[in-house]
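Below you'll find the structure, written out as structure tokens, and then a few comments.
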Amino acid sequence: MPGGMEERYSKAETLALRNKHIGPSCKVFFAKDPLKIVRAQGQYMFDETGEKYLDCINNVAHVGHSHPYVIKAATKQMELLNTNSRFLHDNLVQYAQRLTATLPEKLSVCYFVNSGSEANDLALRLARQYHGHQDVITLENAYHGHVTSLIDISPYKFNQLGKDSKKEFVHVAPSPDIYRGKYREDHPDPASAYAEEVKKIIEETQNNGRKIAAFIAESMQSCGGQVIPPVGYFQKVAEYVRAAGGVFIADEVQVGFGRVGKHFWAFQLQGEDFVPDIVTMGKPIGNGHPMSCVVTTKEIAESFGASGLEYFNTFGGNPVSCAIGLAVLEVIEKEDLQGNATRVGNYLLDLLAEQKEKHPLVGDIRGIGLFVGVDLVKDQQKRTPATAEALHLIYKLKEQKILLSADGPHRNVLKFKPPMCFTMENAKHVVGKIDVLLTEIEAATGMKTGNNMPANAQCKIKTSSQAESANESTSNTNGAACRQENGFYPEKCSVPSKRIIT
Ligand SMILES: Cc1ncc(COP(=O)(O)O)c(C=O)c1O
């Protein structure tokens, strides 16, 4: 085995044991032929046969898989001490100081927790305690975590449970998506138009005698389809929400820690005049070590403390997690990973822009730094999501040892969020493969003729991956791309089903 690792079970045995002992709702990637990954380094993952995969999706391994500096920091602290935050320890305060230094001054108080879900759940508690209000405004297609309180405010999830699954205290605002949303790139002021929608919700809510505790949004929607809100939207929303006695929660679980390149936090893309009341962090914060954080203002923290309840979290802020968190921040800086995100991200966007020129399947390219989406469409005018084509492409890329995913409400958006050490050569390699695959798909579907095909004529390619692809199907696909009768992506593809969050 590479790296001196022993494989304890054959792949088939691992799968059988997993099916027996792990809950069936815990899904694997590429269900019909899952990957068994035994080690990873930088932006590469290796399977049990030593096969190397280029990782374009793991934003958790932020500074690169198995980064030696992070491992060393963790091991060193682990050898010395790990305990809870009821004891004084320098790692906790040093890390809090170092982390808050990346944020606007007002955001100065940290609560360390263990997952993105824990962070968002605590953010809701802080928000509700602040003015005693209960209601939450969330965005269409949003996902904020797996605990009950967050499934409640995650349309990405609760929509799968049926029409009546939205709770009374939850209000869903349109996603500020200027490609597919209500107000598009040709609107003179989409930021204000989308913010007005939030204002309307607040007014309706108040008319019904309810009160807004919080507006929560990812600074850029990831599961929602790599959506970048128009500049100025957050400022206006924050103004309306604060006037109603609520707070603005920026979920940076997916997109924080310099991924956007020119800023450390994605909410900063909105401009220096915007400061959220609460910021939640997770995934990349510990480069794979389970840790997360909520940062807020002194006023909100004091109001939370005034409830009289102690906040105790057994693992949150332990010395090992803090040592890891510090090491991650140091690597981001020392290796200029923000600079890399800008350089490689821009190059990737340029390469993809060429693909858009060339391929009718490419409807939109959007992104910043190493957070990039490619919206595939069957019809440039109607922007009909090319769901089956996106799934086909993902499976074909896997065969070529490239890991990419498709997401968004229609699962047609190719989603790049690689480790931050991703290189120009990596970008060139992936886009080259995508180019070949798009050409093949277009040739097979006749798209190149310039005549957009009727939806039921789209699915002609027979591939070995078709059944697998159907298994990766997601919620809310409109099904138009996935007709069983024409044999491209049969069976479950047209049926809303569970999706895999990455
Ligand atoms: C935006 C966002 N917030 C919160 C979470 C929840 O994080 P975790 O899975 O660490 O609980 C996720 C997870 O995918 C996420 O994408």
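First listed ligand is number 1; within each ligand, the first listed atom is number 1. Positions are given from 1 along the sequence. Keep in mind that what you see is a predicted model, and the values were worked out from it rather than measured.
Every atom of ligand 1 is numbered from 1 in the order shown, and the set under 4.0 Å from a heavy atom of S115 is 10 (O), 11 (O). Close contacts between ligand 1 and N120 involve ligand atoms 3 (N), 4 (C) [criterion: under 4.0 Å to a heavy atom]. Which parts of ligand 1 touch G116 is read off a 4.0 Å heavy-atom cut-off, strictly below it: atoms 6 (C), 7 (O), 8 (P), 10 (O), 11 (O). Proximity to G145 (heavy-atom distance under 4.0 Å) selects the following atoms of ligand 1: 6 (C). Ligand 1 places these atoms under 4.0 Å from at least one heavy atom of H146: 11 (O). Close approach to D251 involves these atoms of ligand 1, each under 4.0 Å from a residue heavy atom: 1 (C), 2 (C), 3 (N), 4 (C). Close contacts of ligand 1 with K283, meaning ligand atoms under 4.0 Å from a residue heavy atom, involve 12 (C), 13 (C), 14 (O), 16 (O).
The aromatic ring centres of F422 and F416 sit 6.0 Å or more apart. Ring centers of F274 and F248: under 6.0 Å apart, within the cut-off.
Put simply, the side chain of I332 does not reach to within 4.5 Å of the side chain of M420, judged on heavy atoms.
Between Y69 and H67, the ring planes are perpendicular. Angles over 60° get that label, and only those under 30° would be called parallel.
Proximity of E218 to ligand 1, defined as any heavy-atom pair under 4.0 Å, is confined to the side chain (atoms from C-beta onward).
Using a 4.0 Å heavy-atom cutoff, E118 is absent from the residues neighbouring ligand 1.
For the residue pair Q221 and N141, no side-chain donor N or O sits within less than 3.5 Å of a side-chain acceptor on the partner.
For K401, the salt bridge (charged side-chain N to carboxylate O under 4.0 Å, His left out) criterion is met by no residue, not counting sequence neighbours.
Taking the ring centre of F304 as origin, the terminal cationic atom of R125 falls outside the region bounded by 6.0 Å and 45° from the ring axis.
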